[in-house]
Asker: 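Input: one structure, supplied below.
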There are 2 protein chains.
Amino acid sequence: MKVIPFKVPKASQDFIRYQVDDQPYFYDKLHQHPELQLSLVLEGEGRLIGGDYIGRFAPGDVFLLGHDVPHVFRSDEQSYAPGQTARSHAIFVFMDLKALSGGLYNITELQEAKRFCEQLTGCYRVQGPAREEITRLVQALQPEAGLGRLLGVLRIIEQLMLPEALHCLSVADQMRNLSEREVKRLERVLNFMMTHSHRAIALEEVAAVANMSREAFCRFFKERTRKTYVRYLQELRMTNACQLLLHTDQTVASVAYASGFANLSHFNRVFSKLMGKTPREYQRG
Amino acid sequence: MKVIPFKVPKASQDFIRYQVDDQPYFYDKLHQHPELQLSLVLEGEGRLIGGDYIGRFAPGDVFLLGHDVPHVFRSDEQSYAPGQTARSHAIFVFMDLKALSGGLYNITELQEAKRFCEQLTGCYRVQGPAREEITRLVQALQPEAGLGRLLGVLRIIEQLMLPEALHCLSVADQMRNLSEREVKRLERVLNFMMTHSHRAIALEEVAAVANMSREAFCRFFKERTRKTYVRYLQELRMTNACQLLLHTDQTVASVAYASGFANLSHFNRVFSKLMGKTPREYQRG
DNA sequence: TCGTTATGAAAGTAATTCCTTTCAAAGTCC
DNA sequence: GGACTTTGAAAGGAATTACTTTCATAACGA
């Protein structure tokens, strides 16, 4: 689909680009770009990585990705299975305020919005009334062009700026601005981890995927993700475990094994550490 | 000399014991006892370990060791060399306020002193005017007996209680109350480390001295000393390096090698980290 | 009260970190 | 200027820690 890091295709004078994805699964490679990305999930679900955040997306969710935040929407495995009618359907709006530089960008009325957008450097969940309003606005954007589309996006930004509109999901500000080589390497590694998170993965294996020694890989991974490989893998597995706990009736033990843990006792402890409650508690309220 | 942990020999009704050591070197095994120990160094110098403190002692120094603080005054190697006339000479006063329980211990006037003594659980340097006064008082103690000695010690405690009299050298409160087995093990280990600190010592070697696996030894050592083995060794080596820098005219490089470092660049960095200044700076003011 | 889940302690093992080396280069002091 | 010292960055490896297993036992819920 695209190369990493990629330029969002847009006429150089446009500061927005509107893209509808409707496929069995989303583009599944980690990538980054300077444009802000508003993402409206319509169908399909799976795991989302945005900066150092690891979580899940589902229909109705609206996410905002800041400048150069590495991210990937990775549809659930089942979507890949043959014979499935699964779809991944979303609308992405890419915004680049800087493309306005010549004209509107410097007018006083936009200063505040400009500053607001410039400091978006994380991964956010759009929530509350703003989410609903933005969902409407984004869908109304498609038929528009020129000034109409511009106005639509400005209205969207207006919504995003509302006090409670954004919930920041990422913590560190550190994962941005990876070199192209690093993004590629990380993409390979994370892809591998996501694909195999349901089984044991020795450090040696992922290190090999990254073409590095174990020690060098540890350093690289920690430096770029702010987490150790094991910790990251645990978080990845937790997204899956939570999913199974909430949406299936498997026992805790079976969820543990299905999520890549070989040891129930250990799963319980890791779950409590990361989620703040025991698997059983989580399964209820 | 004594077994570890030992009871300071004293008539059971005495609450103080006065001991003069005048030998080529001090008792060199780490040990602990519930009695407070006031130590007046007259001759000889070397390394002192008290709780988690690692440093040097020299004539004139006065130290106070709290209840059950593992400690050892280890005379410098040269004192062990044959043909040397080196002496290690010190006065130790062991105090056990609890031995007074039947009588004076509970009288109101002593409550404050009692509380003061009870909370002495570290390794302290006695400093300032109190040091000089205590030096006098301790030396005047020898001829005394009975009430005279009791009064002398009370005067000493009075001095110790002065605001600036004690400078706490140890940090953690954690190394106390080792089991007999642990003290023995630690004694063997620390003795080995002190004896060999001038050369490279692989973890495996000390672990063997402690009869443990490398990992178990790391856990044991960290838990009991609050420092890692390497860190402890570095501090040990630093006492030696500082000594050489101040009292010989060797170059920094030669001091580094003499202190057990195989790498000058590395020595410089470790020295700066632990001492807060570069070796050269330290050598001057 | 049984089946399942949660928690504690101890020890083995794998992962991660930090120590250490190396090399290069810059700073300091006679 | 030249010997010596200090500092930086990068990488290898030893040390240390964290993860994981195991076993025992407690707590929970149907």
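Lettering of chains follows the sequences in order, A, B, ..., and the numbering in each one begins at 1. For clarity, every value in this text was computed on a predicted model and none was experimentally measured.
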Asker: Identify which nucleotide among C/dA6, C/dA15, D/dG13 has an atom closest to any side-chain atom of A/Asn268, counting heavy atoms from C-beta outward.
Answerer: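 Looking only at side-chain atoms, A/Asn268 lies closest to C/dA6.
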Asker: Is the cationic atom of B/Arg47 (NZ for Lys, CZ for Arg) positioned less than 6.0 Å from the six-membered ring centroid of B/Phe57 and within 45 degrees of its normal?
Answerer: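 No, a cation-pi geometry is absent between B/Arg47 and B/Phe57.
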Asker: Which part of the nucleic acid does B/Phe261 contact within heavy-atom distance under 4.0 Å: base, sugar-phosphate only, or nothing?
Answerer: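 The answer is nothing, as B/Phe261 stays clear of every strand by at least 4.0 Å.
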Asker: Does A/Glu235 come within less than 4.0 Å of A/Arg231, counting only side-chain N to carboxylate O?
Answerer: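 A salt bridge is present here (some side-chain N lies under 4.0 Å from a carboxylate O).
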Asker: At under 4.0 Å between heavy atoms, what does A/Ser265 touch on the DNA or RNA strands: base, sugar-phosphate, or nothing?
Answerer: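 Base contact.
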Asker: Looking across every strand, which nucleic acid part, if any, lies under 4.0 Å from B/Ala216 by heavy atom: base, sugar-phosphate, or nothing?
Answerer: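 B/Ala216: no heavy atom of the nucleic acid under 4.0 Å.
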Asker: Is the distance from OP1 or OP2 of D/dT20 to the nearest side-chain N or O of A/Gln234 less than 4.0 Å?
Answerer: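 Answer is yes, contact under 4.0 Å.
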Asker: So, does A/Thr278 get its side chain near the phosphate of C/dT5, meaning an N or O under 4.0 Å from OP1 or OP2?
Answerer: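 Answer is no, no contact under 4.0 Å.
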Asker: Does A/Val230 or A/Arg219 map to a spot on DNA chain D nearer the 5' end, using the closest nucleotide for each?
Answerer: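 That would be A/Arg219.
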Asker: Starting from the 5' end of DNA chain C, give me the residue, A/Phe217 or A/Phe267, whose nearest nucleotide shows up first.
Answerer: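 Going by which nucleotide is closer to the 5' end, it is A/Phe267.
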Asker: Classify B/Ala262 by what it touches in the nucleic acid, base, sugar-phosphate, or nothing, heavy-atom distance under 4.0 Å.
Answerer: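 Since only primed, P, OP1 and OP2 atoms lie under 4.0 Å of B/Ala262, the category is sugar-phosphate.
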Asker: For the pair made of CD in B/Gln283 and C1' in D/dT6, what is the distance, rounded to whole Å?
Answerer: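 These atoms are roughly 14 Å apart.
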Asker: Please confirm whether A/Phe63 and A/Tyr124 have ring centers closer than 6.0 angstrom.
Answerer: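 Ring centres of A/Tyr124 and A/Phe63 not closer than 6.0 Å.
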Asker: Could you tell me how far apart A/His266 (NE2) and C/dT7 (P) are, to the nearest whole angstrom?
Answerer: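 Roughly 14 Å, once rounded to whole Å.
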Asker: Rounded to the nearest Å, what distance is computed from the CZ atom of residue A/Arg214 to the P atom of nucleotide D/dT16?
Answerer: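 Spelled out: CZ on A/Arg214 to P on D/dT16 is 19 Å.
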Asker: Round to the nearest Å and state the distance from B/Met275 atom CE to D/dT6 atom P.
Answerer: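 Going from CE in B/Met275 over to P in D/dT6 covers 14 Å.
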Asker: Pair A/Tyr27, A/Phe73 - check ring pair (Phe, Tyr, Trp, His ring centres under 6.0 Å), show working.
Answerer: CA-CA 7 Å; A/Tyr27 178 62; A/Phe73 287 81; over 10 Å; no
Asker: Quick one: on DNA chain D, does B/Arg269 or B/Ile201 contact a more 5' nucleotide (nearest heavy atom)?
Answerer: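 Its nucleotide being nearer the 5' end, the pick is B/Arg269.
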Asker: Whole Å only: how far is the CG atom of A/Leu203 from the C1' atom of D/dA18?
Answerer: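 Between C1' of D/dA18 and CG of A/Leu203: 13 Å.
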Asker: Using a 4.0 Å heavy-atom cut-off across all strands, classify B/Arg231 as base, sugar-phosphate, or nothing.
Answerer: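 Contact class for B/Arg231: none.
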Asker: Rounded to whole angstroms, how far apart are CZ on B/Phe220 and P on D/dT17?
Answerer: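 Taking CZ of B/Phe220 and P of D/dT17, I get 15 Å after rounding.
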Asker: B/Val270 or A/Pro279: which one's nearest nucleotide on DNA chain C is closer to the 5' end?
Answerer: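 The answer here is A/Pro279.
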Asker: Can you tell me if the side-chain N/O atoms of B/Lys222 get under 4.0 Å from OP1 or OP2 in D/dT17?
Answerer: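 The answer is yes; a side-chain N or O of B/Lys222 sits under 4.0 Å from OP1 or OP2.
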Asker: If only side-chain N and O atoms of A/Thr228 are considered, is one of them under 4.0 Å from the OP1 or OP2 phosphate oxygen of C/dT16?
Answerer: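 For C/dT16, OP1/OP2 do have a side-chain N/O of A/Thr228 under 4.0 Å.
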Asker: Rounded to whole angstroms, how far apart are CZ on A/Arg226 and P on C/dT16?
Answerer: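 Between P of C/dT16 and CZ of A/Arg226: 15 Å.
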Asker: Within the distance-only criterion (no hydrogens, no angle test), does the side chain of A/Ser272 pair as donor or acceptor with the backbone N or O of A/Asn268 below 3.5 angstrom?
Answerer: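 Present.
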Asker: Any idea which of C/dA14, D/dT6, C/dT5 is nearest the B/Arg280 side chain?
Answerer: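 Taking heavy atoms from C-beta onward, the closest nucleotide is D/dT6.
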Asker: Think A/Lys273 has a side-chain N or O under 4.0 angstrom from the OP1 or OP2 of D/dC19?
Answerer: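 A/Lys273 to D/dC19 OP1/OP2: side-chain N or O found under 4.0 Å.
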Asker: Taking atom P of C/dT16 as reference, at what distance in whole Å does atom CD of A/Glu223 sit?
Answerer: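 Those two atoms, CD and P, are 15 Å apart.
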Asker: Looking at A/Phe261, is A/Arg237 sitting on its ring face, NZ or CZ under 6.0 Å from the six-membered ring centre and within 45 degrees of the normal?
Answerer: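 Here A/Arg237 passes the 6.0 Å and 45° test against A/Phe261.
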